[in-house]
Amino acid sequence: EFRRVLFRSAFRAGFVIQSKAVRAPKARPVNRENGVNQTTENYATATSSGLERDARQQYAGDAHDPGQIALGVIIGRTSEFFDFFVYCIASVLVFPQLLFPGETALMGTMYSFAIFSLAFIARPIGSLAFMTVDRHHGRGVKLTIAMFMLGGSTAAMAFLPSFDSVGVFAIYLLCAFRFLQGVAWGGAWDGLASLLALNAPDNRKGWYAMIPQLGAPLGFMLASSLFAYLILTLHPDDFLAFGWRYAFFVAFAINVVALFARLRLVATSEFGHLLEQNELHAARVMDTLKHNGRTVLLGALVPMVSYALFHLVTVFALTWVYLYADGNAGQFLLTQGVGAVLCAFGIIASGFIADQLGRRRLLGYSAGIILAGAILTPLLYTYNIINEGMIVLGGFAVLGLCFGQAAGTLASNFKREYRYTGSALTSDLAWLLGAGFAPLIALYLCDKFGLPGVGAYLMSGAVVTLLVLQIGRAHV
């Protein structure tokens, strides 16, 4: 009963906001075989909650083009990445001082990055747990719980006490909140990107594949702009005492808006049709790995360089400026915000290029560019030919090209009944391997070997991507 009340409140609120008009529910199809009235049930209505089913019937006559679906997908992804980047920025500028005051700035940041990785470890656990919720209670219930958990755990960090006030308990609290973020992040996997791609025209697959990726630069623009404003307008002591907490408060409101957008799409007839066809069915994990384990592994390794670069130009770049270059963090966040704009344009360009050249070629060319950049950038920086801002702007631009087509590269290779679960597992594993420990590893290598060590780390990711593209050339 609690589940139905929770979902009813969120779901109806979403329709109040997004519906243009209220229409009476349409009658359900009736089978009059042998003179007996029988309600026709299909997979979509049998596995969804009653409210989802009723909503699909109410809006059964509406047509939802890929553009409408794209908007819902972008809103959902932007909210996730806003939560993600708010924590990323705080892990550099706030948590080392708040929780590790007795450590050097370098060690405090490394400890902070170790906690940072907990979300990526927890994400597969969240996927497993919430897929069970999906099978038993419906996609809408799963998303409602996951989004409230994501926003709630992020907002709870705003109340985090300092080490000076409660001791090591503050560190345990942050670990718990970060772990819950990861669990919720896994549960927030909704299959809407698959819905978007599967409704796209055959000659526009690359274009529609890049649309969900726009959530990353948009989320970073919001997070970096908010932190930059707080840093530039508050005294450093005030920022560390209370200013940074406002960014975490905002996360909950953004997640509520995103939840409404997602629930609206769960109610579309297209979503129900793909559920009926098993395209978005949450299959059991062991069955998925048994039949598609190789595809999951290859799909997770393809975007290795994209996800590594993703954190190098965002989290690590801010760390470098803050710890080594003695720069103004607020000004540099604004520079990164400009880089995020370039990244968004790069993602859009990747859609056009992928439809002309193919996703495999674009990913290969991008990995080659990153490989060359990983070799040249430390040398050019050492001789003062380029500076931090130029590196970040160039890195964001290249990131847009590769990141725009990095997700779901092998999704079409999954068997239909395993596509949803297989794509979720691939995404979880890709983020864990490519991004989860990237800031920690990059900072350690930078401390030991300087920027050439970071370049070597990025080179390894590029080599992995190129090798996997070669191995799976028949499938990418």
Side-chain angles (χ1 to χ4, degrees), residues 79-126 129 146-188 219-220 223-224 226-227 230-231 236-252 254-255 311 314-316 318-319 322-323 329 431-432 435-444:
S79 71
E80 291 180 25
F81 279 107
F82 176 81
D83 288 13
F84 179 84
F85 284 120
V86 162
Y87 183 91
C88 286
I89 296 172
S91 68
V92 178
L93 303 180
V94 178
F95 297 144
Q97 301 177 63
L98 189 73
L99 301 180
F100 307 103
E103 302 291 341
T104 63
L106 174 64
M107 289 306 301
T109 305
M110 294 189 72
Y111 288 143
S112 180
F113 284 166
I115 299 175
F116 170 89
S117 65
L118 288 177
F120 298 90
I121 297 172
R123 181 171 171 167
I125 299 174
M147 293 303 288
F148 271 100
M149 180 183 290
L150 181 59
S153 58
T154 305
M157 294 179 186
F159 301 96
L160 189 71
S162 67
F163 183 88
D164 292 335
S165 60
V166 297
V168 72
F169 182 67
I171 300 175
Y172 294 152
L173 276 178
L174 182 61
C175 291
F177 293 149
R178 183 59 174 167
F179 191 86
L180 285 176
Q181 264 192 332
V183 171
W185 195 17
F220 184 78
S224 61
L226 181 55
F227 264 99
L230 294 171
I231 292 172
D237 292 338
D238 293 334
F239 172 77
L240 189 61
F242 63 86
W244 65 273
R245 302 177 189 272
Y246 288 112
F248 288 83
F249 285 129
V250 174
F252 190 83
I254 291 179
N255 275 273
H311 276 161
T314 54
V315 187
F316 175 76
L318 180 61
T319 307
Y322 189 65
L323 293 181
W431 280 105
L432 176 62
F437 302 95
L440 181 61
I441 295 173
L443 183 56
Y444 174 80

> What's the shortest heavy-atom distance between Phe100 and Gly108, and which atoms?
Replying inline: CD1-O, 3.7 Å
> Phe249 and Phe159: aromatic ring centres closer than 6.0 Å?
Replying inline: yes
>> Minimum heavy-atom separation for Ala329 and Tyr322, please, with both atom names.
In response: CB-CD1, 4.3 Å
> Do Val94 and Phe239 touch side chain to side chain, with heavy atoms closer than 4.5 Å?
Replying inline: yes
> Between atom CG of Leu98 and atom OG of Ser165, what is the distance when rounded to the nearest 0.5 Å?
Replying inline: 7.5 Å
>> Ignoring hydrogens, what is the shortest heavy-atom contact between Phe177 and Ser153? Give both atom names and the distance.
In response: O-CB, 3.8 Å
> How are the rings of Phe81 and Phe84 set relative to one another: parallel (under 30°), tilted (30 to 60°) or perpendicular (over 60°)?
Replying inline: perpendicular
>> Nearest 0.5 angstrom please: Asp238 CG to Leu230 CG, how far?
In response: 11.5 Å
>> Do Phe248 and Phe252 make a side-chain contact, defined as non-hydrogen atoms from C-beta onward lying under 4.5 Å apart?
In response: no
> Can you name the residues that form a side-chain hydrogen bond (donor to acceptor under 3.5 Å, both in side chains) with Tyr111, not counting sequence neighbours?
Replying inline: none
> side-chain contact (heavy atoms from CB on, under 4.5 Å) with Ala247: which residues, sequence neighbours excluded?
Replying inline: Val86, Leu226, Phe227
>> Quick check for you: to the nearest 0.5 Å, what is the distance between Asn255 atom CG and Phe148 atom CZ?
In response: 9.0 Å
>> To the closest 0.5 Å, what do you measure between CG (Leu118) and CG (Leu180)?
In response: 11.0 Å
> Which heavy atom of Ser162 sits nearest a heavy atom of Ala170, and at what distance?
Replying inline: O-CB, 3.8 Å
> Should Val92 and Leu323 count as side-chain neighbours, where that means a heavy-atom distance under 4.5 Å?
Replying inline: no
> Say you draw a straight line from CD1 of Ile115 to CE of Met110; how long is it, rounded to the nearest 0.5 Å?
Replying inline: 13.0 Å
>> List the residues meeting side-chain contact (heavy atoms from CB on, under 4.5 Å) with Phe437, not counting sequence neighbours, and say none if there are none.
In response: Ser117, Ile121, Leu432, Ile441
> Can you list the residues that meet the side-chain hydrogen bond (donor to acceptor under 3.5 Å, both in side chains) rule with Thr154, with sequence neighbours excluded?
Replying inline: Asp83, Gln181
> Do Ile231 and Trp244 have side chains that get closer than 4.5 Å, going by heavy atoms?
Replying inline: no
>> Show the nearest heavy-atom pair for residues Ser112 and Ser91, with the distance to one decimal.
In response: OG-O, 2.8 Å
>> The criterion is side-chain contact (heavy atoms from CB on, under 4.5 Å); which residues satisfy it with Ala119, sequence neighbours excluded?
In response: Arg178
>> Nearest 0.5 Å, please: how far is OG in Ser79 from CG in Leu150?
In response: 7.0 Å
>> Does Phe169 have more than 12 heavy atoms from other residues, nucleotides or ligands lying within 6.0 Å of its CZ?
In response: no
>> Between Val166 and Tyr172, is there a side-chain heavy-atom distance shorter than 4.5 Å?
In response: no
>> If I compare all heavy atoms of Phe116 with all of Ala435, which pair ends up nearest, and what's the gap?
In response: CE2-O, 4.3 Å
>> Tell me whether His311 contacts the main-chain N or O of Pro439 through its side chain, where contact means a donor paired with an acceptor under 3.5 Å.
In response: no
>> For Trp185, give me all partners under side-chain hydrogen bond (donor to acceptor under 3.5 Å, both in side chains), at least two apart in sequence or on another chain.
In response: Glu80
